[in-house]
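Here is the structure we will look at, set down as structure tokens.
Please read these numbers as outputs of a predicted model, since none were measured by experiment. Here is how names work: the chains are called A, B, and so on, in the same order as the sequence lines, proteins then strands, and each is numbered from 1.
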Protein chains: 2
Amino acid sequence: MANTRWLDDGEMAAWTSFLEATHRVFREVEAQLRDEAGLSHPQYEVLIKLHQAGPDGLRMTELATSLITSKSGLTYQVGQLEKRGLVTRGACPTDTRGVTARITPAGSDALRAAAPGHVERVRAVLIDLLDREQLDAVTDAMTSVNSRLRQES
Amino acid sequence: MANTRWLDDGEMAAWTSFLEATHRVFREVEAQLRDEAGLSHPQYEVLIKLHQAGPDGLRMTELATSLITSKSGLTYQVGQLEKRGLVTRGACPTDTRGVTARITPAGSDALRAAAPGHVERVRAVLIDLLDREQLDAVTDAMTSVNSRLRQES
DNA sequence: ACGGCGTTGTTCAAATTCGAACTGACCTGT
DNA sequence: ACAGGTCAGTTCGAATTTGAACAACGCCGT
């Protein structure tokens, strides 16, 4: 009912360039991880988060929230990683319902093995294509977006 | 073999904020399209491209290239849209192998119906969260990335 | 005209994704 | 103690995605 505020040229340029860039960047990064490390990007992200979390691990919901993914998707991916011995699931000490995921030594090894190629590709498709000023501007804008969107959910 | 050039704090901040923002933004946009327009984001993108292409339509490969998606994925999505009468497939006049996809009047209607809600959400999760300066900076950075990555493929 | 080679689009199986429904367990107020 | 509501995680079916394999066609030089 309310008149739509259409995007002007500058806004449209921002949206379309953002769309194209994200598609290209993710396509490249995912291809690298699959081909060279045998991990999907979601799996890599899970391992990174659990690595950062340390020996106490993380609750499934905490993981899902910080990865901005669905609960069911996380269950599946953690299941895959558990099959391969890169992650373990354990009961949560403070909540019977809870499940705590932890990275295993094998998981840490997999991460160490995957990281150099991953970082290299991330540089090749994003970081090294921008100068420091552009990089800071991206961080500034994306941080603004994230802080607003975090509140809404 | 070569020493990995790890990301410094600023570079890491750029990458992680970019990652988080893209996940959040796409999650929101896809949810809006599915819930309010019954379209997936890939489908919406197909319709937009075909709408922009006009009555001559586009070859499948051109579509796949401009949408940065796989050929097989595009075949599937165009098939879905064709089932629903939003798109037609026709022989390409200059190449027997070719298939030209065109948007139908019903497809244009679907697009018109979906657009306002989509634009509104795009504003809510990205455009309106940034001031003009940030917007221009994003466009600048993403355009740099795209022009580089376009050449590589 | 005719191979050889790249291109076009589809098909296939396998893996992944999602939301909705579900089971159990927590928690608040009474 | 207990009922109602919320939350944690999994399961389910349906839809989607991917690369590899494939068939058919165009293009080029000889």
May I ask you to verify if any side-chain N or O of [X] is less than 4.0 angstrom from the OP1 or OP2 atom of [N]?
{"X": "Thr96(B)", "N": "dG26(D)", "answer": "yes"}
{"X": "Gln80(B)", "N": "dT16(D)", "answer": "yes"}
{"X": "Gln77(B)", "N": "dA15(D)", "answer": "no"}
{"X": "Ser40(A)", "N": "dA15(C)", "answer": "no"}
{"X": "Arg59(A)", "N": "dA8(D)", "answer": "no"}
{"X": "Thr75(A)", "N": "dA8(D)", "answer": "no"}

Original post:
Are a donor atom and an acceptor atom from the side chains of Glu30(B) and Ser40(B) found within less than 3.5 Å of each other?
Top reply: no
- Query: Going by distance alone, is a donor N or O of one side chain under 3.5 Å from an acceptor N or O of the other, for Glu120(A) and Thr4(B)?
  - Reply: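 Absent: no donor and acceptor within the cut-off.
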*Test salt bridge (charged side-chain N to carboxylate O under 4.0 Å, His left out) on Lys49(B) and Glu62(B) and set out the steps.*
CA-CA 10 Å; Lys49(B) 287 286 181 189; Glu62(B) 293 178 293; over 6 Å; no
*Along DNA chain D (nearest heavy atom to each residue), the more 5'-positioned of Asp95(A) and Ala31(A)*: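 Nearest nucleotide further toward 5': that of Asp95(A).
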Contact class for Gly73(B) vs. all strands (heavy atom < 4.0 Å): base, sugar-phosphate, or nothing?
base
Review point. What do you reckon, is CG of Asp9(A) surrounded by more than 12 foreign heavy atoms closer than 6.0 Å?
Key: no
Interatomic distance, [X] [atom1] vs [N] [atom2] [rounded to whole Å]:
{"X": "His23(A)", "N": "dT18(D)", "atom1": "NE2", "atom2": "P", "value": "10 Å"}
{"X": "His41(B)", "N": "dA15(D)", "atom1": "NE2", "atom2": "C1'", "value": "18 Å"}
{"X": "Asp35(B)", "N": "dA15(D)", "atom1": "CG", "atom2": "C1'", "value": "15 Å"}
{"X": "Glu62(A)", "N": "dG9(D)", "atom1": "CD", "atom2": "C1'", "value": "14 Å"}
{"X": "Lys71(B)", "N": "dA20(D)", "atom1": "NZ", "atom2": "C1'", "value": "10 Å"}
{"X": "Leu74(B)", "N": "dA15(D)", "atom1": "CG", "atom2": "P", "value": "19 Å"}
{"X": "Arg97(A)", "N": "dC27(C)", "atom1": "CZ", "atom2": "P", "value": "7 Å"}
{"X": "Arg27(A)", "N": "dT18(D)", "atom1": "CZ", "atom2": "P", "value": "5 Å"}

Check every atom of [options] against the side chain of [X] and return the nucleotide holding the closest atom.
{"X": "Arg89(A)", "options": "dC18(C), dT10(D), dA8(D)", "value": "dT10(D)"}
{"X": "Met60(A)", "options": "dT10(D), dT18(D), dT17(D)", "value": "dT10(D)"}
{"X": "Ser72(A)", "options": "dT10(D), dT11(D), dT7(C)", "value": "dT11(D)"}
{"X": "Pro42(A)", "options": "dT16(D), dT17(C), dC18(C)", "value": "dT17(C)"}

Mind checking whether Glu11(B) and Asp8(B) have side chains closer than 4.5 Å, heavy atoms only? yes
If you assign each of Gln43(A) and Val99(B) to its closest nucleotide in DNA chain C, which residue comes earlier from the 5' end?
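Checking each residue's closest nucleotide, the 5'-ward one belongs to Val99(B).
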Could you label the plane-to-plane angle of the Phe18(A) and Phe18(B) rings as parallel, tilted or perpendicular, counting under 30° as parallel and over 60° as perpendicular?
perpendicular
